[in-house]
Amino acid sequence: MADYCITTLSCGKKYNEYLKKNLLSSEKILDDDVDVFVTTDEPDFFNDVKKRGRARLIVRQFKPEPELPDVKSNSKKTWFNYHQKRLAIENAFNAGYNKIFYIDSDIKIINWDKDFFLKKERGFWFRTMLSRDQHIEKYRFYDTLYNVDMWHYYRPISEKIMYINECADKIRGLISVWKHLELISRGKVNPYSEGHEILISLRFNGASINRYKPDPFKGENKYFEDAHL
């Protein structure tokens with residue numbers, strides 16, 4: 001068992017194909033002694049990835065929930081329940097890891113530097129924090145319930161990547177409170193921008209919250225890029 005793992009969740013042909021291509025092109029990950037957890041609706045699609053490199057691909061199957069209706073009146077739009085990415089973290093944690101690097105399946109890996117991403121200090125690391133005017137309806141919803149009006153303290157995180165280096169209690173607390181917030185908000189706010197639920201879960205569990213500096217999605221030497229699938 002390696003010291004840390006990488007985990008992601010992927011659903012649907014478009015995302016599974018992109019993730020597979022992305023993994024196969026990232027030699028720095030495949031040549032590392034690391035477990036890569038893929039939680040997906042199509043586990044057999046990734047069988048040939050296991051044949052390359054020293055990395056161990058561990059595939060977990062999940063059945064995606066039906067898409068959720070938009071909470072806005074007269075809207076016919078539906079949404080994938082992005083809270084399901086919690087399953088990717090939960091699968092890695094249940095395998096015994098407390099150093100977990102989560103990455104969205106549609107993030108292009110330009111470069112991988114574990115010395116930059118894997119911090120020695122205990123806590124949770126994210127790309128950046130969101131501005132106050134992004135998805136303000138969620139902020140107001142949780143403020144009504146929990147009085148989270150200290151904006152700088154409850155400022156939601158960008159959840160495209162997450163690095164966890166914590167004790168089992170704090171990781172378990174993140175998972176359980178996040179699940180609770182998802183359930184009480186269902187049908188009241190849309191399931192995207194889950195950085196609100198993640199941040200509140202961490203604050204309620206007394207976790208250390210940190211940002212990567214510099215931003216790994218910016219600059220000439222950026223590590224990742226949003227594929228905008």
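- Residues Lys222 and Glu225 approach most closely at NZ-OE1, 2.8 Å, considering heavy atoms.
- Phe37 does not carry Arg60 over the face of its six-membered ring by the limits of under 6.0 Å from the centre and within 45° of the normal.
- Rounding to the nearest 0.5 angstrom, the gap separating the CG atom in Leu229 from the OG atom in Ser105 is 7.5 Å.
- In this structure, CD1 in Ile175 is found 5.0 Å from CD in Glu90, a value given to the nearest 0.5 Å.
- A cation-pi arrangement, defined by a distance under 6.0 Å to the six-membered ring centre and an angle within 45 degrees of its axis, is present between Arg127 and Phe217.
- Between Tyr146 and Phe204, the closest side-chain pair of non-hydrogen atoms falls below 4.5 Å.
- One distance of note links CD1 of Ile184 with OH of Tyr142; it measures 6.0 Å at 0.5 Å rounding.
- In this structure a side-chain-to-backbone donor-acceptor pair under 3.5 Å is present from Arg54 to Asp31.
- A distance-only check finds no donor-acceptor pair linking the side chain of Ser26 to the backbone of Asn22 [under 3.5 Å].
- Using modelled atom types, one finds no donor on one side chain facing an acceptor on the other under 3.5 Å when comparing Lys119 with Asn210.
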Yes or no on side-chain contact (heavy atoms from CB on, under 4.5 Å) for Leu68 and Asn190, after CA distance, side-chain angles and deciding distance?
-> CA-CA 8 Å; Leu68 300 172; Asn190 286 322; over 6 Å; no

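- Looking only at side-chain heavy atoms (C-beta outward), Ile161 and Tyr212 come within less than 4.5 Å of each other.
- Smallest separation of non-hydrogen atoms from Tyr97 and Ala2: CE2-O, 3.3 Å.
- For an aromatic pair to be called close, the ring centres must be under 6.0 Å apart, and Tyr223 with Trp112 fails this.
- Hydrophobic clustering of Ile, Leu, Val, Met, Phe, Trp and Tyr side chains at less than 4.5 Å, counting indirect connections, unites Val148 with Val177.
- Between Tyr192 and His135, the distance from one ring center to the other falls under 6.0 angstrom.
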I would like to know whether Ile103 and Ile6 meet side-chain contact (heavy atoms from CB on, under 4.5 Å); could you show each step before the answer?
-> CA-CA 8 Å; Ile103 181 170; Ile6 296 172; 4.2 Å; yes

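- For the pair Val36/Ile29, a side-chain contact is recorded, criterion being any heavy-atom separation below 4.5 Å from C-beta on.
- Here the side chains of Phe126 and Glu159 are not in contact, with every heavy-atom distance at 4.5 Å or above.
- With Asp41 contributing its side chain and Lys63 its backbone, the two residues share no donor-acceptor pair below 3.5 Å.
- Of all heavy-atom pairs spanning Glu197 and Ser185, the tightest one is OE2-OG, 4.1 Å.
- Taking CD1 from Ile58 and SG from Cys5, the interatomic distance works out to 8.0 Å, rounded to the nearest 0.5 Å.
- Remark: aromatic rings of Tyr139 and Phe141 are distant, center separation not under 6.0 Å.
- With ring centers used as reference points, Phe117 lies under 6.0 Å from Phe224.
- With contacts defined as side-chain heavy-atom distances shorter than 4.5 Å, the pair Asn111/Asn221 does not qualify.
- A salt bridge links Lys160 to Asp226: at least one charged side-chain nitrogen sits closer than 4.0 Å to a carboxylate oxygen.
- Annotation: the span from Leu202 atom CG to Phe124 atom CZ amounts to 5.0 Å, rounded to 0.5 Å.
- Thr7 places no side-chain N or O within donor-acceptor distance of the main-chain N or O of Tyr102, the cut-off being under 3.5 Å.
- A salt bridge does not link Asp143 to Arg140: none of the charged nitrogens lies less than 4.0 Å from a carboxylate oxygen.
- Lys99 and Asp3 are joined by a salt bridge, as a carboxylate oxygen and a charged side-chain nitrogen come within less than 4.0 angstrom of each other.
- Atoms CZ and NZ, on Arg186 and Lys188 in that order, are 10.5 Å from each other to the nearest 0.5 Å.
- Salt bridge present: Asp32 and Lys114 bring a charged side-chain N and a carboxylate O closer than 4.0 Å.
- The backbone N or O of Glu166 lies less than 3.5 Å from a partner atom in the side chain of Asn98, making a donor-acceptor pair.
- One N or O on the side chain of Asn47 and one on the backbone of Asp44 form a donor-acceptor pair closer than 3.5 Å.
- Looking at Lys179 and Ser176, their side chains never come closer than 4.5 Å, going by heavy atoms from C-beta outward.
- Between Leu174 and Ile198 the shortest side-chain heavy-atom distance falls below 4.5 Å.
- Here the closest heavy-atom approach between residue Thr8 and residue Leu19 is recorded as CG2-CD2, 3.7 Å.
- Pro214 has its side chain within reach of Phe116: a pair of non-hydrogen atoms, C-beta onward, lies under 4.5 Å apart.
- One finds a salt bridge joining Glu182 and Arg86 here, because a Lys/Arg side-chain nitrogen approaches an Asp/Glu carboxylate oxygen to under 4.0 Å.
- Without hydrogens or angle criteria, Asn165 side chain to Glu121 main chain gives a donor-acceptor distance under 3.5 Å.
- Scanning all heavy atoms of the two residues, the minimum distance from Ile100 to Ile89 falls at CD1-O, 4.1 Å.
- A salt bridge does not link Lys14 with Glu17: every distance from a Lys NZ or Arg NE/NH1/NH2 to an Asp or Glu carboxylate oxygen is 4.0 Å or more.
- At a cut-off of 3.5 Å, with distance as the only test, a side-chain donor of Thr40 or Asn16 sits close to an acceptor on the other residue.
- Not one N or O on the side chain of Thr39 forms a donor-acceptor pair closer than 3.5 Å with the backbone of Leu9.
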Which is it for Lys85 and Met162 under the side-chain contact (heavy atoms from CB on, under 4.5 Å) test, yes or no, and what are the steps along the way?
-> CA-CA 11 Å; Lys85 69 172 62 176; Met162 299 180 256; 4.2 Å; yes

Do Leu130 and Ile157 pass the side-chain contact (heavy atoms from CB on, under 4.5 Å) test, and can you show the C-alpha distance, the side-chain angles, and the key distance before you say yes or no?
-> CA-CA 6 Å; Leu130 301 181; Ile157 52 87; over 6 Å; no

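- Looking at Gln84, its side chain does come within 3.5 Å of a backbone N or O of Asn81 through a donor-acceptor pair.
- The pair Arg56-Asp35 counts as a salt bridge, with a side-chain nitrogen and a carboxylate oxygen less than 4.0 angstrom apart.
- Between Trp178 and Ser201 the shortest heavy-atom distance is N-OG, 3.1 Å.
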